[in-house]
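Okay, structure first, notes after.
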2 protein chains.
Amino acid sequence: MVRPVETFLKYLDSKHLKLTRERKAVLEEVFFHPGHLEAEELTHTLRSKKSRVSRATIYRTLELLVDSGIVRKIDLGHGHSHYEHILGHTHHDHLVCLKCGKVIEFTDKKIERLQTNICQKSRFQEISHTVQIFGYCKDCR
Amino acid sequence: MVRPVETFLKYLDSKHLKLTRERKAVLEEVFFHPGHLEAEELTHTLRSKKSRVSRATIYRTLELLVDSGIVRKIDLGHGHSHYEHILGHTHHDHLVCLKCGKVIEFTDKKIERLQTNICQKSRFQEISHTVQIFGYCKDCR
DNA sequence: TTTCCTGCAAATTATTTGCAAGTGA
DNA sequence: TCACTTGCAAATAATTTGCAGGAAA
């Protein structure tokens, strides 16, 4: 069972930070939103719901969420960041269609394992990794 | 034998574009520069040499170089793009140290092969891919 | 000649920051 | 209370674009 709010609380406490209404709203939105989201999108979604949160706070909160390991920041080649929740989700990577923008997720245990080997060999302590494959999806070839 | 200028010429011709002094200067600099470079850096290097090329032209040319397959644009998590020449170089991926910024390159045939499989399975035509592993290098753990 | 190019400065986009006023523990 | 927060608006940073005057083919 994964409890994002509790995880976040634990993180905030450890840094002597507070769980505010704004932070909770961002966390919930990110967590219950399927897929990858952008800061801009988040601003609008929250605005359309009851809870308005300023752009600045959204960015500040996303950084906290990344730090706490609840969310990861990904680059889908759009010129701005995307975020996706990872807590309770298996790590996955992306195939990004350069034409229609579609993102296909995939998981490959073998790739993960090979990456671990590489890190060990270089005595590199992995924090996160990303495998992005750019090209054309089957509908756009 | 790899001839970047000829490759670029062929590409330019196919698009009815011209090989100008500026484009040639950027191409040469990128090609003979080992490692990853930034647009800003390129501007300075060229300026310090004989050939001044404006920032705008540098960005425009880098895009052409990427399009023509001579160079690839990579994200090393610095908030701006890096570029590296790929023509005549084996594809490689990166371990990026979040503390000192060091970038360790690695190549893994098995990972490459697995990626190809994944693309075939999804009928995805790969154009480029990137495996970036973020963490702490052995000097920063 | 004709089409493509370049530099410049202004525009855009994404993200960050300083600061005064507000709020959770 | 008091340290931590927020929103706002201004500041940054990277990159793009319009345009008028140059240059390859």
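In this text the structure is predicted, and so the values were computed from the model without any measurement. Throughout, a chain's letter reflects where its sequence line sits, starting with A, and its residues are numbered from 1.
- Side-chain contact of B/His94 with B/His36: a donor-acceptor pair under 3.5 Å is present, judged by distance alone.
- Distances from the side chain of A/Ala56 to the nucleotides C/dT17, D/dT6, C/dT6 place C/dT17 closest.
- The backbone N or O of A/Cys119 sits nowhere less than 3.5 Å from a side-chain atom of A/Ser122 that would complete a donor-acceptor pair.
- Contact annotation: A/Tyr59 side-chain N/O to C/dT16 OP1/OP2 distance is not under 4.0 Å.
- In terms of polar N and O atoms assigned as donor or acceptor, the side chain of A/Arg52 never comes within less than 3.5 Å of the base of D/dG7 in a complementary pairing.
- Nucleotides of DNA chain D nearest to A/Lys15 and A/Ser54 differ in position, and the one nearer the 5' end is that of A/Lys15.
- Contact of the B/Leu19 side chain with the B/Phe8 side chain is registered, since non-hydrogen atoms from C-beta on lie closer than 4.5 Å.
- Residues B/Ser81 and B/Leu19 both approach DNA chain D. Their nearest nucleotides, taken by heavy-atom distance, put B/Ser81 toward the 5′ side.
- Residue B/Thr20 has no polar side-chain atom (N or O) positioned under 4.0 Å from OP1 or OP2 of C/dC4.
- For the pair A/Asp75 CG and D/dT15 P, the interatomic distance rounds to 12 Å; values are reported in whole Å.
- Residue whose closest nucleotide on DNA chain C sits further toward the 5' end, between A/Lys18 and A/Gly79: A/Gly79.
- Look at A/Asp139 and A/Lys102 and you find a salt bridge, because one of the NZ, NE, NH1 or NH2 atoms lies within 4.0 Å of a carboxylate O, short of that distance.
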Subject >> ring pair (Phe, Tyr, Trp, His ring centres under 6.0 Å) between B/His82 and B/His80, intermediate numbers included >> reply: CA-CA 7 Å; B/His82 281 77; B/His80 57 265; 5.1 Å; yes
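- Residue B/Thr57 places none of its side-chain N or O atoms closer than 4.0 Å to OP1 or OP2 of C/dC5.
- Comparing the start and finish of the helix from C/dT1-D/dA25 to C/dA25-D/dT1, five pairs each, the helix axis swings through 40°, to the nearest 10 degrees.
- With D/dT5, D/dG7, C/dT15 as the candidates, the nucleotide lying closest to the side chain of A/Ala39 is C/dT15.
- Considering only the side chain of A/Arg60, C/dG18 comes nearest among C/dG18, D/dT5, C/dT6.
- Using a 4.0 Å heavy-atom distance criterion, A/Arg23 is classed as a sugar-phosphate-only contact.
- Across all strands, B/Arg55 comes closer than 4.0 Å to base atoms (heavy-atom distances).
- Look at B/Arg55 and B/Glu40 and you find a salt bridge, because one of the NZ, NE, NH1 or NH2 atoms lies within 4.0 Å of a carboxylate O, short of that distance.
- For the pair B/His78 NE2 and D/dT15 C1', the computed distance is 18 Å after rounding to whole Å.
- Distance B/Ile58 CD1 to D/dA14 C1': 14 Å, rounded to the nearest Å.
- Ionic pairing of A/Lys73 and A/Glu84 is not present here: no N-O contact between side-chain nitrogen and carboxylate oxygen is shorter than 4.0 angstrom.
- Atom CD in A/Glu41 sits about 17 Å away from atom P in C/dT13, given to the nearest Å.
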